[in-house]
Amino acid sequence: KLVCACMPAALVDMSRAVMTERFSSPVLPKPVFTLNFARDTAASRAVFEKLQTAAKTGAAVVAAPTTLKSLLLKQIELLLQLEAAAK
């Protein structure tokens, strides 16, 4: 299960710090990842593996709305490229 907290870009650092503090319990520790992605960023295996690791470990992912939008738009762009190449 992947937990993603989306907040304005100005609050990402503060939210990550608060979540890290709250989830650093010795009883039930949870890692907190920050997702940074832009449309001009090359889609790499590292981004996929970071999200996959977060899902496997039950980590919280902190991201700004523009990051999530960029990630989804990049996915659509790549799917359209694959579709065009198949024709």
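Taking every heavy atom of both residues into account, Cys4 and Ala63 meet most closely at SG-CB, 4.5 Å. Taking all atoms of both residues into account, the shortest heavy-atom contact from Val32 to Phe23 is CG2-CD1, 4.0 Å. Taking all atoms of both residues into account, the shortest heavy-atom contact from Leu2 to Ala55 is CD1-N, 3.9 Å. Taking every heavy atom of both residues into account, Pro29 and Pro26 meet most closely at CD-O, 3.9 Å.
Within the 4.5 Å cutoff, no side-chain heavy atoms of Ser70 are placed close to those of Thr41.
Lys30 places no side-chain N or O within donor-acceptor distance of the main-chain N or O of Ala60, the cut-off being under 3.5 Å.
Within the structure, salt bridge (charged side-chain N to carboxylate O under 4.0 Å, His left out) pairs that include any residue of residues 2-12 do not occur (at least two apart or interchain).
For the atom pair CG (Leu51) and CD (Glu49), the distance works out to 10.5 Å, reported to the nearest 0.5 Å. Between Thr66 atom OG1 and Asn36 atom CG the span is 9.0 Å, to the nearest 0.5 Å. For the atom pair Phe37 CZ and Thr67 OG1, the distance stands at 9.5 Å (nearest 0.5 Å).
Partners of Arg39 under the salt bridge (charged side-chain N to carboxylate O under 4.0 Å, His left out) rule, at least two apart in sequence or in another chain, are Glu77. Every residue two or more places apart in sequence or in another chain was checked for a salt bridge (charged side-chain N to carboxylate O under 4.0 Å, His left out) with Glu21, and none qualifies. For Ser44, the side-chain contact (heavy atoms from CB on, under 4.5 Å) partners are Ala46, Val47, not counting sequence neighbours.
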For residues 80-87, which side-chain N or O atoms pair as donor and acceptor with protein atoms under 3.5 Å away, sequence neighbours left out?
none

Please output the side-chain donor-acceptor pairs of residues 7-17 that fall under 3.5 Å, not counting sequence neighbours, one pair per line with the distance.
from, atom 1, to, atom 2, distance (Å)
Asp13, OD1, Arg16, NH1, 3.4
Asp13, OD1, Arg16, NH2, 3.3
Ser15, OG, Leu11, O, 2.8
Arg16, NH1, Thr34, OG1, 3.0

